[in-house]
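Side chains are part of it too, since the values below use all heavy atoms of this structure and drop only hydrogens, waters and symmetry mates. Just so we're on the same page: letters track the sequence lines, and every chain starts at 1.
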There are 2 protein chains.
Amino acid sequence: MKSLLSSTKERILSAAEQLFAETGVATTSLRTITALARVNLAAVNYHFGSKDALIEAVYERRLGPLNKARLAQLDQLEQEAAGKPLSVAQIVDAFVSPVAGLTREPGKNGLVFSKLLAQTYNEAAQYVQRLMATEHQNVMRRFKTALAAALPALSEEEVGWRLHFMSAALHHVIANTSYMQWLDGSEGSEADVRTAVEKLRPFLVAGLSAPAHTALS
Amino acid sequence: MKSLLSSTKERILSAAEQLFAETGVATTSLRTITALARVNLAAVNYHFGSKDALIEAVYERRLGPLNKARLAQLDQLEQEAAGKPLSVAQIVDAFVSPVAGLTREPGKNGLVFSKLLAQTYNEAAQYVQRLMATEHQNVMRRFKTALAAALPALSEEEVGWRLHFMSAALHHVIANTSYMQWLDGSEGSEADVRTAVEKLRPFLVAGLSAPAHTALS
DNA sequence: GTCTATAGAGGGATAGAC
DNA sequence: GTCTATCCCTCTATAGAC
């Protein structure tokens, strides 16, 4: 019952999250995790049961709040709109902002998790599917409905694809922001995630609002 | 000198590529690779020297042709345009089409590599940086120049970000197309990569062309 | 160039003392 | 709940026969 902020469990979770994001889930050993958390090796198996269970717990700790935040922001905007469809920009906002908002989660730097989520998107899907498949699907369905109302010219299917693209761009951008220098050799300016997300917003709004077909030239 | 299409080396490369894309580089053992390639375990070390060297070879085999194809298409379009700036749609095409064109590479199914490239983007950067940092940077610089000419209203920095976003969306979409069902619970229609890339095109064109700031209205 | 056999390192998990 | 010590497994890499 003692929910100290730095209990052994929490320290393991944060250390694991950080190392997973840095070098991947598979290559991170329990020995490395417990060393960073300054906790005994056996503690992982005592508190979580196995490495797999620890991985699930790492995802679980962040995904719940992220989903809730997205839905909450969408709810509030829809209430304020009183029946009228939201703008595409508002929907993008409700989807994107909570990711930056992860900063306020336990373990201080929640953006680490965003990087993890993107870096191991496929691996993540495997764990997420077991844990919160329905919750995640509900979120996506809500956004799909809102977006369909904002873009009546597009088919349901097209709206689904656009949502997919938004999620893809957002997560990949977060995961690879530190590699921008590699991407084009530009001097860099220490591009941080928050700047990247800010720059991404108009790109997403315009992309979502695009006509279904675009002629060449 | 005997460049048979199914030499031991090539079979190892293709098997490794496939398994890497399916379950990741770190979790794929040489035993699994050699079993799929129906080759002896020791063959990897004989032909490549180490697992790391094999990984590099897997990336090297595809990235060279991909970069060349992108530049070639851009070159051709620019020649035809005779000095006038290309359209954004044309630039998107030169960037995106060669990825689907990987199909014509050795080992038949080159799209497997696209999935690998996206799934392990961070890991890949590590190897790619060693192998073809300058080549990749040249490609991105060429596209940046072309895009800047097509979008004179945007700053150099903004154009760099947009290029980043395009690459991010493209690679993540390819990597996660098979997970669309998970994304929103839709019935799926066996969404293949080619369809995804086709749907992505107008999204990218509009996103790249967006004004730098979008009001929240 | 291909194979078998094995060395040597590092991993996850657990038993049992405290 | 924490720690040490250890089991047992899988992995990469290599030596040496063919």
Side-chain angles (χ1 to χ4, degrees), chain A residues 1-61 106-107 116 119-120 123-124 126-127 130, chain B residues 1-61 106 116 120 123-124 126-127 130:
Chain A
M1 272 312 177
K2 53 185 76 170
S3 66
L4 279 169
L5 268 134
S6 268
S7 65
T8 299
K9 247 180 130 161
E10 287 294 331
R11 305 183 61 202
I12 292 172
L13 283 170
S14 293
E17 182 177 65
Q18 183 185 328
L19 291 167
F20 288 168
E22 281 171 8
T23 52
V25 171
T27 56
T28 303
S29 70
L30 296 184
R31 285 172 170 82
T32 319
I33 295 169
T34 52
L36 178 62
R38 287 190 301 172
V39 155
N40 188 271
L41 169 62
V44 170
N45 277 279
Y46 177 80
H47 286 285
F48 298 93
S50 70
K51 187 187 178 183
D52 259 18
L54 168 61
I55 298 169
E56 288 193 4
V58 167
Y59 286 109
E60 205 168 19
R61 181 171 68 147
L116 170 62
Q119 193 185 18
T120 62
E123 275 181 77
Q126 179 188 341
Y127 293 106
R130 241 202 316 274
Chain B
M1 272 309 176
K2 55 186 76 172
S3 67
L4 278 168
L5 269 133
S6 268
S7 65
T8 299
K9 246 180 130 162
E10 287 294 331
R11 304 183 61 198
I12 292 173
L13 283 170
S14 293
E17 181 178 66
Q18 183 185 328
L19 292 166
F20 288 168
E22 281 170 9
T23 53
V25 171
T27 56
T28 302
S29 69
L30 296 184
R31 282 173 171 78
T32 321
I33 294 169
T34 51
L36 178 63
R38 288 190 301 171
V39 155
N40 188 270
L41 169 61
V44 170
N45 277 278
Y46 178 80
H47 285 287
F48 298 94
S50 70
K51 187 186 178 181
D52 261 16
L54 168 62
I55 298 169
E56 290 193 3
V58 167
Y59 286 109
E60 206 168 17
R61 181 172 66 147
L116 169 62
T120 62
E123 276 181 75
Q126 181 189 339
Y127 293 106
R130 237 200 320 273

Is [X] close enough to [N] that one of its side-chain N or O atoms is under 4.0 Å from OP1 or OP2 there?
| X | N | answer |
| --- | --- | --- |
| A:Thr8 | D:dT2 | yes |
| B:Asn40 | C:dT4 | yes |
| A:Ser29 | C:dG10 | no |

* Residues within residues 46-56 of chain B bordering DNA chain C, heavy-atom distance below 4.0 Å ->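 Output list: B:Tyr46, B:His47.
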
* **Heavy-atom donor-acceptor pair, A:Arg31 side-chain to C:dG10 base, under 3.5 Å** =>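 Checked by distance alone, the answer is no.
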
* Asked: Do the side chain of A:Arg11 and the main chain of A:Ser6 share a donor and acceptor less than 3.5 angstrom apart?
  ->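 No.
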
* To do: Identify whether any heavy atom of B:Thr34 sits under 4.0 Å from a base atom; if not, whether one sits that close to sugar-phosphate; answer base, sugar-phosphate or nothing.
  =>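 Result for B:Thr34 = nothing.
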
* To do: Assign A:Ala42 to base, sugar-phosphate, or nothing according to its heavy-atom contacts below 4.0 angstrom with the strands shown.
  =>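 Result for A:Ala42 = base.
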
In whole Å, what is the span from the [atom1] atom of [X] to the [atom2] atom of [N]?
| X | N | atom1 | atom2 | answer |
| --- | --- | --- | --- | --- |
| A:Leu30 | D:dC9 | CG | P | 18 Å |
| B:Arg11 | C:dT2 | CZ | P | 10 Å |
| A:Ile33 | C:dG10 | CD1 | P | 17 Å |
| A:Asn45 | D:dC3 | CG | C1' | 14 Å |
| A:Leu41 | C:dG12 | CG | P | 8 Å |

* Asked: So, for B:Ala15 and B:Ile33, which heavy atoms are closest and what is the spacing to 0.1 Å?
  ->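 Answer, listing the atom of B:Ala15 first, then B:Ile33: CB-O, 3.8 Å.
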
* To do: Using five base pairs at each end, measure the axis-to-axis angle across the helix from C:dG1-D:dC18 to C:dC18-D:dG1 and round it to 10 degrees.
  =>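 Nearest ten degrees gives 0° for this helix.
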
